[in-house]
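The next block holds one structure in the form of structure tokens; read it before the comments.
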Amino acid sequence: MRIELTVNGKRVAHDVEPRLSLVDFLRDELDLTGTHVGCEHGVCGACSVIVDGDAVRSCLMFAVQADGAEVTTIEGVGNGPGTLSALQDAFWETHALQCGYCTPGMIIAAESLLAQNDNPSDQDIREAIEGNLCRCTGYVQIVEAIALAARNIREARS
Amino acid sequence: MTHYVSKKRRPKEDGRFITGRGKFVADIKRPGMTHVAMVQSPVPSARLKSIDTSRALALPGVLDVITGEELAAHTRPHQNALDTPEVVVYPMAVDRVRFAGEWVAAVVATSRHIAEDAAELVDVDYELTDFVVDPEQAMLSHAPLVHEAHGSNILLSREFVWGPVDDDAKRSEHKIGFRVRWGRNATVPIETFGVVAQWDEGSGILDIWASIQMPSYAESIAAMLDIPLNTVRAHYDVDVGGSYGVKRGLKHTIVAAYLSRKHGVPVRYIEDRLENMTGGEMHGPDRIFDMTVAFDDDGTINSLGIVAIDDAGANSSRGPLQLGKPVSAICGPYRINSVYYHAISVATNKSGQSAVRGFGQSPTNVAIEACVDRVARFLNLDRLEVRRRNLVKKDEFPWRIPSGSSYDSGDYLAVVEKAVSLSELGTMGARVEQARSQGLLSGIGVVTTLEPGGGNSSFEPLLNPKNTTTTWPESCVVKMDRTGLITAMITTSTSGQGHQTLVATIIGEELRVDPDSIRVVHLDTLTGMPGNTPVASRMAIMLGGAASGAAGKLKTRLATIAAHALDTSPDQLELIEGGFRVAVTPAKSITFAELAIIAHREDHRMPANLEPGLQETFVMQVPTGGELPTPDGVVQMYPCYSFACHICRVEIDPATGKTHIPEYVIAHDCGTVINPDIVRGMVIGGAAHGIGAALYEKFEYNEDGQLLTGSFADYLIPSALEIPDIKLDEHCTPSPHTSHGQKGVGEGGYLGAPAAIACAVNDALVPLGLERWELPLRMGELADQIAGGQTLGNLLGP
Ligand code: FES
Ligand code: FES
């Protein structure tokens, strides 16, 4: 099937098998390997990407369902090549990662939270990333990173 | 005063991960790459009557379907860690299957989709045979045998008596005994295991890219494929998406490598989650402890008795050795005079056991801490006070325990006081009462635990007399290029530990060079120097030491050239940022950039007889190692012992049995910290693993030998809502054995948290007259016990 969509601001058109998942499409067809696979059954959140403004699990979606959609992956999160988003910078500052495998999905979940709420409480943050499992960090430095990014975004704005 | 060590610095590695530019095994593409899917046994024990691959082979895109029989005809079996020559295990089942999930056939096809479709078309005729899933049943004489040729399901049964156990029991005023159970779990990384193998007929080299954290990986591949070791090139520049001990996909690698060689194409096998949980053989220790403790009225613990039955599942590889590491800290941080230890490894029809964070120490720590709590309750003493009375004191180091290891340094009481103050333990009782007044159960856990680090792997000869290992070195190569920039080379993969940051920080410290300017690369197993991968909390100690050693040699070389150029002697030189100056005449100086030109291009300015270039290698020997165990099992195992005190409070809803952790505090001492954020992450992340092991995670087999928890929907990994905001404090007692006083830190959180949670839950159960030393303390079972009121043991009696 032929699909057309926007990925990280670029128009792409591809022929895909109907059973191809969105995550496999992004990774295998578009070489966007920043989006990871942890469970393929919708629990771990490693495959999170933003589709039309919402964080979704790209392992649970078929590529054909993204026809016409606007998709943002971790590769499209920064403000242009060589720059980091406020969240990426904060993840580095607090070392909110170890192996880095959950990190792209975690940042996507957090981008989606901060787009809706730029002053989240720690509990808001924990609820927003509840569906993103991290096996390395115990989440404490991730929560700190998201709170720090929110603060930096608010300060930059005022 | 340090310049870079212990200072906050953004880890070098993080930049590529936050932008999605890590290079994980699933990101590796080779031209013409093919893909594997496994056919797995649906039954725990059977004879393989026939395997019909014809329907699968007929599917377009399928290259081949191999069975265990074919693979075994072309490879050698797995090496056993124990002395069990009759236990013969190949990567895939030969003639019979031994656990549900075992690989029966492997399909290789042009895509993973096609391989999976074809796997469903492989027809296997299983003739069911008797099986055993309970380790105590497996020890009975009439039990079905997992490995018939071995003649028994007992893989290891070794008794140790360290110190005057009988005398200590006789002179002690009290003795109690009880059982502790540690459930089968693992650290379950979010990335499954994966491997890409490519046999290059032209060069005669087998290239391997894998998500691996395994000592002797290339050696094992070469041995099993029966090819020279210098044929195998395992690439260590693959980012590993978490491991914590379990990423040991040797059998996966053998299948992929065999297929690659047979078909002349690159072969990739990336487990899906179900394959990983059921067939990956990454389950950790699964233990029953029968504990006895002999003690006096004042709480002094004189002697411990530990019978540990470990369910190894269906293989006999490295897993059973996890009964050995705890020997290095068998007394915990306590002054215990004698120990009886009976280590028993039992085969059952379950997934084989793999190494997990702490290598068997965490279950043992739970058992030891349970003893201390039991003693305190028996004597009606405060649990922390009993610990204080038994802890090794600051001026008693080095402290040698009866099993032969020496604890290097520490100030345990100071660390305890930091935890007490950070946790506001003094008022925690009031918070317990408050929760109780709201109808909840609430309790406090206070534990003090050790983390042995940097060992010489002496548990290998301890549990297998044919093994002669007495060291586990680690190496680092440092070079300065012609522009004066530094590149360091290490021989390991990294799974989140921050080795590039570690090495750059230490070299930066030794040479007064900004660590951000230092590049650290991962060599492969052909170009690399001796290394043993980041197991056993060893890299700060061993890789840090190697980096320090190599940088020190480079500094000496630079100083020799600088002295010659400045017409002075090396001992007159002072290291400054970016070069040297003459101490008495500081105006006379020379930069590294200039020294680099001299060393590479200006022989006329070089001292005589000095080889050109600027490169040095250092191979670090394990401090304090080098001796085989005595016949009665006494041996020095680990050079460094980190210490931690965990204090937490839990609340349990008595109706649901759901445990919540409103307060959690850790004070720890891992000697000198190299990078504070990395250390903090390691400690908290390890504790989160421990909370999972204590409350949620279990590979549960039913009596039909079926794994019930093969997905993330039923094997429950704690999320951000279950892990509390863990607070930390640090103390620093430098180790006398390491380059900067550092000790290990990768496992400590995991070595304390399960014990802390178990002690807190049991404290919460006290008012009901109940106790439960069976991990994980899952909500359903806890609720049933609370409702039923039946206890696992008599709380107050022996
Ligand atoms: S891979 Fe999609 S949720 Fe786990
Ligand atoms: S950083 Fe490794 S899983 Fe989150």
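Worth knowing before you read on, the calculation uses all heavy atoms, side chains too, and leaves out hydrogens, waters and symmetry mates. Order of the sequence lines sets the chain letters (A, B, ...), proteins ahead of strands, with each chain counted from 1.
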| note | Of the listed A:Arg27, A:Met106, A:Glu75, A:Glu127, the one with the largest count of heavy-atom pairs under 4.5 Å with chain B is A:Arg27
Contact class of [X] relative to chain B, heavy atoms under 4.5 angstrom:
{"X": "A:Gln88", "result": "both"}
{"X": "A:Tyr101", "result": "both"}
{"X": "A:Leu84", "result": "side chain"}
{"X": "A:Glu144", "result": "side chain"}
{"X": "A:Thr137", "result": "backbone"}

| task | Return yes if some donor-acceptor pair links the side-chain N/O of B:His668 with the main-chain N/O of B:Glu730 below 3.5 Å, else return no. | result | no
Ionic contact status for [Y] with [X], cut-off 4.0 Å:
{"X": "A:Asp89", "Y": "B:Arg10", "result": "yes"}
{"X": "B:Asp725", "Y": "B:Lys727", "result": "yes"}
{"X": "A:Arg19", "Y": "B:Asp117", "result": "yes"}

Rounded distance (nearest 0.5 Å) linking atom [atom1] of [X] with atom [atom2] of [Y]:
{"X": "A:Ser58", "Y": "A:Ile50", "atom1": "OG", "atom2": "CD1", "value": "12.0 Å"}
{"X": "A:His14", "Y": "A:Phe25", "atom1": "NE2", "atom2": "CZ", "value": "5.0 Å"}
{"X": "A:Ile142", "Y": "A:Leu97", "atom1": "CD1", "atom2": "CG", "value": "8.0 Å"}

Among [options], who wins on heavy-atom pairs under 4.5 Å with chain A?
{"options": "B:His113, B:Lys23, B:Arg21", "result": "B:His113"}
{"options": "B:Gly20, B:Gly496, B:Ala720", "result": "B:Ala720"}
{"options": "B:Gly22, B:Ser719, B:Gly749", "result": "B:Ser719"}
{"options": "B:Met277, B:Arg680, B:Arg112", "result": "B:Arg680"}
{"options": "B:Arg16, B:Glu13, B:Gln497, B:Lys29", "result": "B:Lys29"}

Ignoring hydrogens and angles, state whether a donor on the side chain of [X] or [Y] is under 3.5 Å from an acceptor on the partner side chain.
{"X": "B:Glu275", "Y": "B:Tyr269", "result": "yes"}
{"X": "B:Glu722", "Y": "B:Tyr696", "result": "no"}
{"X": "B:Thr494", "Y": "B:Gln500", "result": "no"}
{"X": "A:Arg11", "Y": "A:Thr6", "result": "yes"}
{"X": "B:Thr505", "Y": "B:Asn675", "result": "no"}
{"X": "B:Asn185", "Y": "B:His283", "result": "no"}
{"X": "B:Lys247", "Y": "B:Ser211", "result": "yes"}

Quick check: do [X] and [Y] have side-chain heavy atoms less than 4.5 Å from each other?
{"X": "B:Phe17", "Y": "A:Gln98", "answer": "no"}
{"X": "B:Met282", "Y": "B:Phe699", "answer": "yes"}
{"X": "A:Phe62", "Y": "A:Val16", "answer": "no"}
{"X": "A:Ser21", "Y": "A:Cys59", "answer": "no"}
{"X": "A:Leu5", "Y": "A:Glu70", "answer": "no"}
{"X": "B:Ile674", "Y": "B:Val679", "answer": "no"}

Name the region of [X], side chain, backbone, both or neither, that has any atom closer than 4.5 Å to a heavy atom of chain A.
{"X": "B:Arg9", "result": "neither"}
{"X": "B:Pro724", "result": "backbone"}
{"X": "B:Phe24", "result": "side chain"}
{"X": "B:Ile678", "result": "both"}
{"X": "B:Pro11", "result": "both"}
{"X": "B:Ser711", "result": "both"}
{"X": "B:Asp239", "result": "neither"}

What residues of [range] sit under 4.5 Å from chain B when you count only heavy atoms?
{"range": "residues 36-43 of chain A", "value": "A:His36, A:Val37, A:Gly38, A:Cys39, A:Glu40, A:His41, A:Val43"}
{"range": "residues 107-125 of chain A", "value": "A:Ile107, A:Gln123"}
{"range": "residues 151-158 of chain A", "value": "none"}

| task | Show your working on side chain to side chain contact (heavy atoms under 4.5 Å, CB included) between A:Val12 and A:Glu29 and close with a plain yes or no. | result | CA-CA 11 Å; A:Val12 293; A:Glu29 307 293 327; over 6 Å; no
| said: For the NZ atom on A:Lys10, are there more than 12 heavy atoms of other groups (residues, nucleotides or ligands in this structure) within a distance under 6.0 Å? | reply: no
| request: With side chain to side chain contact (heavy atoms under 4.5 Å, CB included) as the test, would you mind laying out the steps for A:Leu32 and A:Asn8 before giving the verdict? | output: CA-CA 10 Å; A:Leu32 294 170; A:Asn8 299 334; 4.0 Å; yes
| Contact listing (chain A partner; residues 681-691 of chain B; heavy atom under 4.5 Å) | B:Gly681, B:Met682, B:Ile684, B:Gly685, B:Ala688, B:His689
| said: Between B:Asp272 and B:Thr192, does the side-chain hydrogen bond (donor to acceptor under 3.5 Å, both in side chains) criterion hold? Intermediate values first, please. | reply: CA-CA 7 Å; B:Asp272 70 19; B:Thr192 59; over 6 Å; no
| said: Applying side chain to side chain contact (heavy atoms under 4.5 Å, CB included) to B:Cys648 and B:Glu663, what does each step give before you reach the verdict? | reply: CA-CA 5 Å; B:Cys648 67; B:Glu663 303 177 53; 5.9 Å; no
